[in-house]
Every structure is written in structure tokens, then in C-alpha cells.
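The structure appears below as C-alpha cells.
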Amino acid sequence: MSIERVAVTPAAEDLLRKLQGIHGPLMFHQSGGCCDGSAPMCFPRNEFKVGHEDVFLGTIVDTPFYISGPQFEYWQHTHLTVDVVKGRGSGFSVEAPEGVRFLIRSRVFTDDEYFTLKQAGPAPRGPQHD
């Protein structure tokens with residue numbers, strides 16, 4: 001049984017597809033900074049340098065999702081769902097001109113899910129996509 005660490009709502013999926021049509025391949029990065037630094041940022045795929053400590057959580061709508069290593073330490077027990085709401089964030093994420101912003105909804109993994117993730121070994125770090 002494979003456990004996903006990240007998912008996407010239908011509204012966020014629709015927006016991602018629209019943004020891919022405008023910007024080409026995209027990627028997400030979730031940091032742990034203050035203000036909108038805690039929101040997922042969506043960038044054209046090769047305009048953000050993924051570090052070797054960044055953790056790859058998975059792919060949603062052909063879009064890789066990374067989280068900073070320190071933030072992963074806090075959230076490793078949490079399933080993340082990318083959603084979209086009206087309003088602009090203060091970052092450089094590509095959805096800003098659309099008058100919306102991505103946000104994370106989360107839930108704690110069940111004991112069984114977390115056990116399965118631990119059995120699978122550590123989450124991959126560093127770039128996983130070109």
C-alpha cells in the first residue's frame with residue numbers, strides 16, 4: 001500500500017492546469033517562513049532551485065511538490081492538500097495575478113498510514129525532476 005503525502009482539490013487542479021497552459025511546467029515549494037512564506041509557492045519549473053535538503057513529497061497534476069527540510073521535520077506526520085481561495089498572497093507565486101492564492105489544508109496521518117510511510121524509508125531529498 002502506497003501512501004500519498006500530498007494531494008490537490010479539484011479547484012486547485014483546475015487552476016494548476018490553467019497556469020500550466022500559461023507558464024509551462026510548474027513546481028511547488030513549501031517553506032516555513034513567516035507571513036506568506038508558510039503558503040505553498042508555485043513557480044515555473046526551472047525558476048526555483050531545489051536544494052539538497054528540500055524534501056520531495058510527490059507530484060500533483062504533473063507538478064512536483066517540495067518542502068524545506070526543516071519544515072518537513074514539523075510536518076512529516078501530516079498529509080497536505082493543496083487548495084485555492086480568493087485573495088492575493090504577498091509572494092511571487094504564479095497564481096497571484098489570477099486574484100487567488102494556493103493554501104495548504106492538512107490532517108495528521110493515521111497510525112497505519114504513518115507506519116506504512118516509516119516502513120517505506122525516508123522521503124527523497126533534493127531535485128527529483130528536471
Side-chain angles (χ1 to χ4, degrees):
M1 177 166 111
S2 177
I3 305 297
E4 293 181 347
R5 290 185 176 273
V6 64
V8 62
T9 65
E13 180 176 347
D14 290 346
L15 178 60
L16 267 173
R17 291 192 190 288
K18 176 181 178 181
L19 294 171
Q20 288 167 341
I22 296 168
H23 301 282
L26 301 170
M27 58 89 63
F28 275 102
H29 189 270
Q30 175 76 48
S31 71
C34 70
C35 309
D36 273 358
S38 59
M41 296 288 134
C42 186
F43 302 103
R45 178 101 28 109
N46 293 318
E47 289 189 18
F48 184 90
K49 181 152 176 72
V50 174
H52 292 290
E53 291 301 314
D54 289 327
V55 177
F56 175 68
L57 295 185
T59 301
I60 53 172
V61 193
D62 300 320
T63 304
F65 192 105
Y66 295 89
I67 188 169
S68 71
Q71 189 68 14
F72 178 74
E73 295 306 312
Y74 290 114
W75 286 11
Q76 63 184 311
H77 61 281
T78 306
H79 179 271
L80 307 180
T81 300
V82 178
D83 199 357
V84 64
V85 294
K86 291 182 181 180
R88 291 186 59 177
S90 63
F92 298 100
S93 195
V94 297
E95 80 280 5
E98 305 296 318
V100 296
R101 63 189 175 92
F102 289 113
L103 62 81
I104 292 294
R105 300 194 188 278
S106 63
R107 68 168 177 84
V108 175
F109 285 118
T110 66
D111 290 343
D112 288 343
E113 288 172 324
Y114 194 64
F115 178 79
T116 300
L117 287 168
K118 286 296 185 186
Q119 292 295 324
R125 292 183 182 255
Q128 302 295 308
H129 294 275
D130 295 331

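Note that the coordinates shown come from a computational prediction; the quantities given were computed from them, not determined experimentally.
Put simply, Phe72 and Val108 are part of two different groups of oily side chains (I, L, V, M, F, W, Y) that touch within less than 4.5 Å, one to the next.
Heavy-atom contacts from other residues, nucleotides or ligands closer than 6.0 Å to CD of Glu4 number 12 or fewer.
Closest heavy-atom contact between Pro64 and Tyr66: CB-CE1, 3.7 Å. Contact record, Arg45 with Leu26: NE-O, 2.8 Å, taken as the closest heavy-atom pair. Minimum interatomic distance between Leu80 and Ser106 (heavy atoms only, all atoms of both residues): CD2-CB, 4.0 Å. The minimum heavy-atom distance between Val61 and Gln20, with the atom names listed, is O-NE2, 2.7 Å.
Side-chain atoms of Gln30 do not come within 3.5 Å of backbone N or O of Gln71 as any donor-acceptor pair. The main-chain N or O of Ala7 is never found under 3.5 Å from a side-chain atom of Thr81 such that the two would form a donor-acceptor pair.
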Q | Working for side-chain contact (heavy atoms from CB on, under 4.5 Å), residues Val84 and Glu95 | A | CA-CA 9 Å; Val84 64; Glu95 80 280 5; 5.6 Å; no
Q: Could you please spell out the steps behind the side-chain contact (heavy atoms from CB on, under 4.5 Å) verdict for Ile104 and Asp83?
A: CA-CA 6 Å; Ile104 292 294; Asp83 199 357; over 6 Å; no
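Proximity of Val55 to Arg5: side-chain heavy atoms (C-beta onward) are nowhere separated by under 4.5 Å. Counting only heavy atoms from C-beta outward, the side chains of Val94 and Pro44 approach each other to under 4.5 Å. Arg101 is not listed as a side-chain neighbour of Ser93, based on a closest heavy-atom distance of 4.5 Å or more.
Expressed to the nearest 0.5 Å, how far CD of Gln119 lies from CD1 of Ile3 amounts to 12.0 Å. Thr63 contributes atom OG1, which lies 13.0 Å from atom CZ of Phe43 (distance to the nearest 0.5 angstrom). Separating the CG atom in Asp14 from the CG atom in Leu19 is a distance of 11.0 Å, to the nearest 0.5 Å. Arg17 contributes atom CZ, which lies 6.5 Å from atom CG of Asp62 (distance to the nearest 0.5 angstrom). Rounded to the nearest 0.5 Å, atoms NZ (Lys86) and CD (Glu98) are 13.5 Å apart.
Side chains of Gln128 and Thr59: a donor-acceptor N/O pair is absent below 3.5 angstrom, by distance only.
For the side-chain contact (heavy atoms from CB on, under 4.5 Å) test, residues two or more places apart in sequence or in another chain that qualify with Tyr114 are Gln76, His77, Phe109, Lys118. Remark: Phe28 pairs with Phe65, Phe102 by the ring pair (Phe, Tyr, Trp, His ring centres under 6.0 Å) rule, at least two apart or across chains.
Residue pairs meeting the salt bridge (Lys or Arg N to Asp or Glu O under 4.0 Å) criterion with at least one member in residues 22-31: none, sequence neighbours excluded.
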Can you give me every donor-acceptor pair (side chain of residues 47-54, partner residue at least two apart or in another chain, under 3.5 Å) with its distance?
unit_1, atom_1, unit_2, atom_2, d
Glu53, OE1, Arg125, NH1, 3.4
Asp54, OD1, His29, NE2, 3.2
Asp54, OD2, Gly51, N, 2.7

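With a 4.5 Å cut-off between side-chain heavy atoms of Ile, Leu, Val, Met, Phe, Trp and Tyr, the cluster of Val85 takes in Leu103. Under a 4.5 Å side-chain heavy-atom criterion applied to ILVMFWY residues, the cluster that includes Phe115 comprises that residue alone.
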